[in-house]
J.: 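Please see the structure below; I have some questions.
Naming: A, B, ... by sequence-line order, numbering from 1 per chain.
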There are 2 protein chains.
Amino acid sequence: MEGNESSPEAPNDAALVKDRSRDRAATERRILDAAQSILTEQGSAGFGVNAVARAAGVDKQLIYRYFGGLDGLLVALGERLAEWWQNKLLADAPATPQQSYGDLMEILALRLVQIMRSEPLAQQCALWELTDASSPVAAITAARARALGAWMARARGDLRPPKGVDAPAINALIVSGISYFVLAGRTSSSVIGLETRDEATWARIESAVRALVKGVYHAP
Amino acid sequence: MEGNESSPEAPNDAALVKDRSRDRAATERRILDAAQSILTEQGSAGFGVNAVARAAGVDKQLIYRYFGGLDGLLVALGERLAEWWQNKLLADAPATPQQSYGDLMEILALRLVQIMRSEPLAQQCALWELTDASSPVAAITAARARALGAWMARARGDLRPPKGVDAPAINALIVSGISYFVLAGRTSSSVIGLETRDEATWARIESAVRALVKGVYHAP
DNA sequence: TCCCCTTATCACCGTGTGGTGACATGCATA
DNA sequence: TATGCATGTCACCACACGGTGATAAGGGGA
């Protein structure tokens, strides 16, 4: 899987390669990389000290020394993921300011569909929010929520939803709907009667998102 | 937790109580009960041969003998859960036929909110759909999907959605949104900025569901 | 009565896990 | 050069898991 070692030394003699790099910062980075990679590829199940250490090519003792165990590693990973979300969301600027709140929400919702579909890490974060309530994980989901909120707030500018419309609740439901549908599509090929493998289904979903947003925000 | 034993024998002498009841059907029922109970209370994590056997007060060997291992147990549990969904959904008759497709979907959606909120087992089934792709679990989620579809179909009668509206996709998104929000509320007290512990939030969610349904189905 | 089949229990194996203590080794400083 | 500390490595523990083979105990039919 990993294949290339960090340095091209020839360990033919075996048992002679030790103290790999003696660079704590680099080692911590390797551990975090491995943790993120495992989370991305295998999800929260299979996430453990042994697995991370193995993937990082590092003794698990270092995880305890440098992060204070799994919980500490999760906290550190949380900060890293918060940053990741920032880059994913804020960087993706809404650019052209929209005409109305409804137009904007339509664009953001469709953008969210794209992100959720294309980013396994985003999917895993959403899943974690549902499955795990432990505080380190909670910190991660909180970071995600903050990034998401900042993204929407920044895009919104001074646009305001129509009077009498509970935008936060409605947006929460729309975001939830997109998240669930994407997540369900990962495992089952058929979700509530729709074929998630079929690209046409996703076109229908995008249209449905548009219809929902238009329906609530472009009310007569 | 369970408290009452199946028979009120007094095991004061210990090590003398053996061959508890010698009733295969009852034992199988106890195992299935325990499996369902564990699933309900602890979720798919912690679901294993040892845990089920322990909860059932039965040797795990019997799980292998009677169900052929965990997979077989899951299959049997799937049939039981399918039946459970039938009772939950079909029994809850929509009773009074509705005026329009939109009215009906509004009622069904709100009903789904109630069911999802009040039934831990329903929550776990939805979660399983997201986390596990193994075939026995897939069978369970398929059973759920079938029950849900039958429920909607039966309630629908001969009502039809307005022309030009992709009802399946829209309904899938709404069901997804409700599911995700309820699931997220189980673990985090704050979901996308809404306080799930606060009953007022749920009133807002119900209003939002109504607004969404009305928006798409009661188009001008 | 004896026998056999079903039901239930126990003891055990290999493996993986989270977690810890003791040891080796390199680098910088005194 | 010699000491101390940070970094990396190894061996080990207790435990829980999934899974299996052998063995006891009741019950019904001959």
J.: Between atom OH in Tyr64(B) and atom P in dA8(C), what is the gap in whole Å?
T.: 17 Å
J.: Whole angstrom is fine here: how far is it from CZ in Arg65(B) over to P in dT6(C)?
T.: 11 Å
J.: Can you tell me how far P of dG19(C) sits from CG of Asp59(A), to the nearest Å?
T.: 14 Å
J.: Within this structure, what is the CG-to-C1' distance between Leu70(B) and dT20(D), rounded to whole angstrom?
T.: 15 Å
J.: Whole-Å distance between dG18(D) C1' and Asp71(B) CG?
T.: 12 Å
J.: Output yes when a side-chain donor or acceptor of Ser179(A) lies under 3.5 Å from a complementary backbone atom of Val175(A), and no otherwise.
T.: yes
J.: Which listed nucleotide (dC10(C), dG27(D), dG8(D)) is nearest to the side chain of Tyr66(A)?
T.: dG8(D)
J.: It should be established whether Ser21(A) places a side-chain nitrogen or oxygen under 4.0 Å from OP1 or OP2 of nucleotide dG8(D).
T.: yes
J.: For Phe47(B) and dC17(D), give me the distance from atom CZ to atom P, rounded to whole Å.
T.: 13 Å
J.: Carefully, step by step, assess Phe67(A) and Leu32(A) under the rule side-chain contact (heavy atoms from CB on, under 4.5 Å).
T.: CA-CA 10 Å; Phe67(A) 297 97; Leu32(A) 283 174; 4.1 Å; yes
J.: For Lys60(B) and Asp23(B), take the nucleotide of DNA chain C holding the closest heavy atom to each; which residue's nucleotide lies nearer the 5' end?
T.: Asp23(B)
J.: Do you see a donor-acceptor pair shorter than 3.5 Å between the side chains of Tyr180(B) and Glu129(A)?
T.: yes
J.: Rounded to the nearest angstrom, tell me the gap between atom CG in Asn50(B) and atom P in dC12(C).
T.: 17 Å
J.: Does dG18(D) have OP1 or OP2 under 4.0 Å away from a side-chain N or O of Arg54(B)?
T.: no
J.: Report yes or no: does Trp85(A) contribute a side-chain atom to a donor-acceptor pair with the main-chain N or O of Arg144(A) at less than 3.5 Å?
T.: no
J.: Taking the side chain of Arg22(A) as heavy atoms from C-beta outward, which of dT6(C), dG18(D), dT7(D) is closest to it?
T.: dT7(D)
J.: State the CG-CD1 distance between Asp166(A) and Ile205(B), to the nearest 0.5 angstrom.
T.: 8.0 Å
J.: In whole angstrom, give the distance that lies between atom CD1 of Ile63(A) and atom P of dT7(D).
T.: 16 Å
J.: From the set dC10(D), dA6(D), dG18(D), return the single nucleotide nearest to any side-chain atom of Gln61(A).
T.: dC10(D)
J.: Return no unless some side-chain N or O of Arg24(A) is found under 4.0 Å from OP1 or OP2 of dT7(D).
T.: yes
J.: When you check the phosphate oxygens OP1 and OP2 of dG8(D), does a side-chain N or O of Thr27(A) lie under 4.0 Å from one of them?
T.: yes
